[in-house]
Amino acid sequence: MRTNISKVLLGPMRKVVGAGQAALLSAEGDALVFEAGAKGGSFLCLAGAPINEPIVWHGPFVMNTQAEIRQCFADLQAGTFIKHKGTYRQL
């Protein structure tokens with residue numbers, strides 16, 4: 001069951017992260033501490049090793065260069081953005 005929450009507090013500094021917000025955490029420390037109110041809370045934690053590459057984003061696209069972003073929009077407008085139709089199994 002998903003509950004509507006107003007905020008989650010993260011870390012020893014109790015940084016407030018409200019519903020619909022995102023937080024970027026540093027690589028420092030060795031624990032993720034969170035606290036929710038009486039109604040509970042939920043969050044999604046994504047983690048990974050740094051890729052040490054430039055990041056450029058515009059709208060839903062995330063690439064490494066502005067040229068790649070422009071190519072995404074050009075492909076989208078030309079109708080060639082989806083280059084491979086994946087297969088899926090209907091449940």
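Keep in mind that the numbers below use all heavy atoms, side chains included, and drop hydrogens, waters and symmetry copies. Note that the structure is predicted; figures quoted are calculated from it, not measured.
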Would you mind listing every salt bridge (charged side-chain N to carboxylate O under 4.0 Å, His left out) that reaches into residues 71-81, with sequence neighbours excluded? D75-K83
In this structure, would V62 and F73 fall into the same cluster of hydrophobic residues linked by side-chain contacts under 4.5 Å? no
Which side-chain hydrogen bond (donor to acceptor under 3.5 Å, both in side chains) pairs, counting each pair once, include a residue from residues 55-70, with sequence neighbours left out? E53-N64
Listed partners of F81 passing ring-ring contact (aromatic ring centres under 6.0 Å, His included), at least two apart: F61
